[in-house]
Student: 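Quick one: this structure, given as structure tokens, is what I'll be asking you about.
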Amino acid sequence: ERTFSAMMTVIAKEDKADEAERVLTSMAEAGWRPTAAAFNSLISLHVNHGRMSAALKVLDRMVCLAIHPTTATYTTIMSGYAAQGLHQEALNTFLALKEKGLSPDIVTYGCLLAVYRDLRRIQKMEDVIAELKREGLAANSVIYSTLIQAYAQEGRYDEAERVFEGLRVEGASVDVTLYNIVMSVHSRAGQPFKAVALFHSLLSLGLVPDTVTYNTLIQALSVGGLPGEVEKVHRHMLQANCACD
RNA sequence: GUUCGAGUUUUAC
């Protein structure tokens, strides 16, 4: 059962849609009950290639086989619509999830927030974050980084920074991606020194810079009028054995 | 400490 869904994710990563379909249907025909996670992997595969109608067909077959879609099922579909800029469809999927009696989890909310960010509905985002907290969920780095991007997109850099400070006071999780995002915001705000400062605090927290970190920092320095500093970043990168281009 | 799903850099008109 468990090894099965693992197998499905492997197949999904290699984009063998037809193979995945075959395995899944033959299992079902043999009287096995594939897990919802196995179907979710297949749905995710279609979604990652922009094949929403194929994804929805899998959802239908799931229902026909009496395998109940999960929160992850709907979240996957929602993210597919969001990726295509089909915001209303994404929001409808969120409603559908709740109508089925399922509860959105932190990943679902992260996806919902990305939709409202693209729609430039900041107040709505604040409402959603309040709602998720009311439901006992802990806002994490994904939630806050999405909000930070929304403020930055409107040029409201001080509010973006306040969110970043607030999250640390609150003790929310932090990760490299959050730092990458805030560094990028400082870069666009014309504050290369803040990006550099953030790079150092990320290191002091024991976070490991990735290729996006270095690229973002280099970008911040070159557009920020400090191209001379770029060489230092390169040296740091090589010393850290980072597999960057 | 049990990874099926969410957020980040660049991208030639």
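What's counted below: heavy atoms across the whole structure, side chains too, no hydrogens, waters or symmetry copies. Just so it is clear: chains get the letters A, B, ... in the order the sequence lines come, proteins before strands, and each one is counted from 1.
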Student: Taking any heavy-atom pair under 4.0 Å as a contact, classify Thr213(A): base, sugar-phosphate, or nothing.
Tutor: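 Touches nothing.
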Student: To the nearest 0.5 Å, tell me how far Met62(A) CE sits from Thr73(A) OG1.
Tutor: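 It comes to 4.0 Å.
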Student: How would you label the contact of Leu217(A) with the nucleic acid (heavy atoms, under 4.0 Å): base, sugar-phosphate, or nothing?
Tutor: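 Here Leu217(A) touches no strand at all.
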Student: Looking only at the aromatic ring of each residue, does the gap between the centers of Phe164(A) and Tyr179(A) stay below 6.0 angstrom?
Tutor: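 Yes, the ring centres sit under 6.0 Å apart.
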Student: Taking N and O atoms by type only, does the side chain of Asp175(A) place a donor or acceptor under 3.5 Å from a partner on the base of G7(B)?
Tutor: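 Flag set: donor-acceptor pair detected.
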Student: Only stems of 3 or more consecutive Watson-Crick or G-U pairs count here, both distances under 3.5 Å; name the ones for RNA chain B, or none.
Tutor: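 Result, WC/G-U stems under 3.5 Å: none.
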Student: Let me know the distance between OH of Tyr144(A) and P of A6(B), rounded to the nearest Å.
Tutor: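 Spelled out: OH on Tyr144(A) to P on A6(B) is 21 Å.
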Student: Between Pro34(A) and Ile67(A), what is the shortest heavy-atom contact and its length?
Tutor: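 For Pro34(A) versus Ile67(A), the nearest heavy atoms are O-CD1, 3.4 Å.
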Student: Taking all atoms of both residues into account, what is the closest heavy-atom pair of Ala55(A) and Val47(A), and its distance?
Tutor: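 Nearest heavy atoms, Ala55(A) then Val47(A): CB-CG2, 4.0 Å.
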Student: Nearest whole Å is fine: how far is C4(B) P from Asn48(A) CG?
Tutor: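 To the nearest whole Å, that distance equals 14 Å.
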Student: What's the separation between atom NZ in Lys124(A) and atom CD1 in Ile122(A), rounded to the nearest 0.5 Å?
Tutor: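 Lys124(A) NZ to Ile122(A) CD1: 14.5 Å, rounded to 0.5 Å.
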Student: Rounded to whole angstrom units, what separation is found between the CG atom of Asp210(A) and the P atom of G7(B)?
Tutor: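 Distance, rounded to whole Å: 15 Å.
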Student: May I ask you to say what Ser145(A) touches in the nucleic acid, namely base, sugar-phosphate or nothing, with a heavy-atom cut-off under 4.0 Å?
Tutor: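 Here Ser145(A) touches the bases of the nucleic acid.
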Student: Check this for me: does the side-chain of Ser41(A) come within 3.5 Å of the base of G5(B) through a donor and an acceptor?
Tutor: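 For Ser41(A), whose side chain was compared with the base of G5(B), there is no donor-acceptor pair (under 3.5 Å).
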Student: Counting the atoms with a prime plus P, OP1 and OP2 as sugar-phosphate, which does Ser79(A) contact under 4.0 Å by heavy atoms, base, sugar-phosphate, or nothing?
Tutor: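 If one applies the 4.0 Å heavy-atom cut-off, Ser79(A) turns out to touch the sugar-phosphate alone, with no base involved.
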Student: Indicate, yes or no, whether a donor-acceptor pair under 3.5 Å links the base of A6(B) to the side chain of Asn140(A).
Tutor: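 Checked by distance alone, the answer is yes.
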Student: Any luck finding a side-chain donor-acceptor pair between Ser44(A) and Thr76(A) under 3.5 Å?
Tutor: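 No donor-acceptor contact under 3.5 Å links the two side chains.
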Student: Determine whether Gln123(A) and Asp127(A) satisfy the following criterion, side-chain hydrogen bond (donor to acceptor under 3.5 Å, both in side chains), listing intermediate values before the conclusion.
Tutor: CA-CA 6 Å; Gln123(A) 187 51 53; Asp127(A) 295 345; 3.1 Å; yes
Student: For the residue pair His234(A) and Tyr214(A), is the inter-centroid distance of their aromatic rings smaller than 6.0 Å?
Tutor: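 No: the rings miss the under 6.0 Å criterion.
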Student: So Thr73(A), base contact, sugar-phosphate only, or nothing? Heavy-atom distance under 4.0 Å.
Tutor: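 Counting heavy atoms under 4.0 Å across all strands, no contact is made by Thr73(A).
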Student: Check the distance between U9(B)'s C1' and Leu178(A)'s CG and give it to me in whole angstrom.
Tutor: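 The distance from CG of Leu178(A) to C1' of U9(B) comes to 15 Å, rounded to the nearest Å.
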Student: Any N or O donor-acceptor pair linking the side chain of Thr146(A) to the base of G7(B) at under 3.5 Å?
Tutor: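 Absent.
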Student: Using atom CD of Gln153(A) as one end and atom P of U8(B) as the other, report the distance to the nearest whole Å.
Tutor: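 Rounded to whole Å, this separation is 11 Å.
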Student: For a quick check of understanding: with a heavy-atom distance under 4.0 Å over all strands, which category does Thr71(A) fall into, base, sugar-phosphate or nothing?
Tutor: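 The residue Thr71(A) makes base contact.
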Student: Polar pairs (N or O, both sides) under 3.5 Å between protein and nucleotides 11-13 of chain B?
Tutor:
none

Student: Starting at atom CZ of Arg188(A), determine the distance to atom C1' of U9(B), rounded to an integer number of angstrom.
Tutor: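 Whole-Å distance recorded here is 9 Å.
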Student: Looking at every strand, decide which applies to Thr76(A) at a 4.0 Å heavy-atom threshold: base, sugar-phosphate, or nothing.
Tutor: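 Counting heavy atoms under 4.0 Å across all strands, the contact made by Thr76(A) is with sugar-phosphate only.
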Student: Check the distance between U9(B)'s C1' and Leu198(A)'s CG and give it to me in whole angstrom.
Tutor: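 The answer, rounded to whole Å, is 14 Å.
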Student: Once you apply a heavy-atom cut-off of 4.0 Å, does Ile106(A) come out as touching a base, just sugar-phosphate, or nothing?
Tutor: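 It contacts base atoms.
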Student: From the set C4(B), U10(B), G7(B), return the single nucleotide nearest to any side-chain atom of Gln219(A).
Tutor: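 Of the candidates, U10(B) comes closest.
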Student: From the set G5(B), A6(B), U8(B), return the single nucleotide nearest to any side-chain atom of Ile143(A).
Tutor: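 In terms of side-chain proximity for Ile143(A), the closest of G5(B), A6(B), U8(B) is A6(B).
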Student: Under the criterion side-chain hydrogen bond (donor to acceptor under 3.5 Å, both in side chains), I'd like the reasoning laid out for Asp175(A) against Asn140(A): C-alpha separation, chi angles, the key distance, then a yes or no.
Tutor: CA-CA 10 Å; Asp175(A) 59 21; Asn140(A) 61 20; over 6 Å; no
Student: Does the pair His186(A) and Tyr157(A) meet the rule for a ring-ring contact (aromatic ring centres under 6.0 Å, His included), with working shown?
Tutor: CA-CA 8 Å; His186(A) 285 142; Tyr157(A) 295 116; 8.5 Å; no
Student: Separation of Gln149(A) atom CD from A6(B) atom P, in whole Å?
Tutor: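 It is 15 Å, rounded to the nearest whole Å.
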Student: Rounded to the nearest 0.5 Å, what's the gap from OH on Tyr151(A) to CD on Glu126(A)? Could you check?
Tutor: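 Spacing of OH (Tyr151(A)) from CD (Glu126(A)) equals 3.5 Å.
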